[in-house]
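Report on the following structure.
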There are 2 protein chains.
Amino acid sequence: MPEFLADCRARQGLDLLAPTWNGVLLWALRDGPCRPYTLRRRVGGISPKVLTETLRRLEAHGLVARRRYREAPPRVEYELTPLGRTLLAPLKAVGDWAAEHGDAVAAAREGADGGPG
Amino acid sequence: MPEFLADCRARQGLDLLAPTWNGVLLWALRDGPCRPYTLRRRVGGISPKVLTETLRRLEAHGLVARRRYREAPPRVEYELTPLGRTLLAPLKAVGDWAAEHGDAVAAAREGADGGPG
DNA sequence: CAGAATCCTTTACGATACTG
DNA sequence: CAGTATCGTAAAGGATTCTG
């Protein structure tokens, strides 16, 4: 393990945000608890398998909590943990950057390979 | 393309930071132009193929510029573009988050699967 | 509805060897 | 030293099907 990687602490946070759906799901949960079905509709285009995988991963990292209500019928909800909530700040920082510089990157891409792809 | 993904603008920035070496290389270039060989030693553990791939990708996105000096012997240097420089802020935001909450995530992981892995 | 199981494609990344 | 070429691995992600 090269020392530089350790010095560049960002990797530890990036590993959490890199998987496509991690950030999206974190963001989708920012306003409070949400049921899987609602989550699926909200983010759109995510398969049940990937949804479960991602949620499990987030749970294992202590960013999301799973709550099971023993009602009739049984209900499941996911919500951000206090730790997961702290990740919203850097996530927003990246989002704000994209909002401001996204066009410039897209323009550079077009110039580079002749199209947005 | 689900509209939520577009709403969650962070993805556009995350796509730039997600590949393992993107952020590391951007960070390694923060102090100024650097030659490939120096870059390799600085980040450590990156193969020539991956270094080139990553640099080309960064270049295609307008984040890094390649300069070739026609000296004897020819010299090549890479440096951040003004656009690439703006990405350092959100990258640092993620790094700062990791520095502060990294331990909590590691602890959650241990609790989840019995070991740091 | 929640989510597990199976199959398949893509791609980041690594190790090596080679060329200018 | 800069960069390319080839081969191989692992993991993310997508589609579909099935069960409680």
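In what follows, chains are A, B, ... by sequence order, proteins preceding strands, each numbered from 1.
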Under a 4.0 Å heavy-atom criterion, the protein footprint on nucleotides 7-20 of chain D, written with B, S and -, is -----SBBBB----
Is the phosphate of C:dG3 approached by A:Tyr78 (side-chain N or O, under 4.0 Å from OP1 or OP2)? yes
Pairs where residues 71-80 of chain A contributes a residue and the test salt bridge (Lys or Arg N to Asp or Glu O under 4.0 Å) is met, not counting sequence neighbours: A:Glu71-A:Arg75, A:Arg75-A:Glu77
Length of the CG-P vector between B:Leu17 and C:dA12, whole Å: 14 Å
Sorted by chain and number, sequence neighbours left out, side chain to side chain contact (heavy atoms under 4.5 Å, CB included) with A:Thr81 holds for A:Ala65, A:Leu83
Which residue pairs pass the salt bridge (Lys or Arg N to Asp or Glu O under 4.0 Å) test with at least one member in residues 15-27 of chain B, sequence neighbours excluded? B:Arg11-B:Asp15
Starting from P on D:dC1, measure out to CD on B:Glu77 and report it in whole angstrom. 15 Å
Listed once per pair and sorted, the salt bridge (Lys or Arg N to Asp or Glu O under 4.0 Å) pairs that draw on residues 93-106 of chain A, sequence neighbours left out: A:Lys92-A:Asp96
Tell me: CZ of B:Arg68 to P of C:dG20, nearest whole Å? 15 Å
Under the side-chain hydrogen bond (donor to acceptor under 3.5 Å, both in side chains) test, residues paired with B:Thr86 that sit two or more places apart: A:Trp97
Checking B:Arg56 now: which residues fulfil side chain to side chain contact (heavy atoms under 4.5 Å, CB included) with it, not counting sequence neighbours? B:Thr52, B:Glu59, B:Arg66, B:Tyr78
Protein-nucleotide distance (B:Glu59, atom CD; D:dA2, atom C1'), rounded to Å: 13 Å
Does B:Arg40 have a side-chain nitrogen or oxygen under 4.0 Å from the phosphate oxygens OP1 or OP2 of D:dA2? no
For A:Arg75 and C:dC1, is the shortest distance between a side-chain N/O and OP1 or OP2 below 4.0 Å? no
Heavy-atom side-chain proximity of A:Thr54 to A:Pro19 below 4.5 angstrom: no
Could you state the atom-to-atom distance from CG of A:Leu51 to C1' of C:dA4 in whole Å? 13 Å
C:dT11 C1' sits how many Å from B:Arg56 CZ, rounded? 19 Å
Do B:Arg42 and B:Cys34 come within less than 4.5 Å of each other through their side chains, counting heavy atoms only? yes
For the helix from C:dC1-D:dG20 to C:dG20-D:dC1, what angle lies between the axis at the first five pairs and the axis at the last five pairs, to 10 degrees? 30°
ring-ring contact (aromatic ring centres under 6.0 Å, His included) with B:His61: which residues, sequence neighbours excluded? none
Of the nucleotides C:dA4, C:dA2, D:dT4, which one has an atom closest to the side chain of B:Thr52? D:dT4
Side-chain N,O (A:Arg66) to OP1/OP2 (C:dA2) below 4.0 Å: no
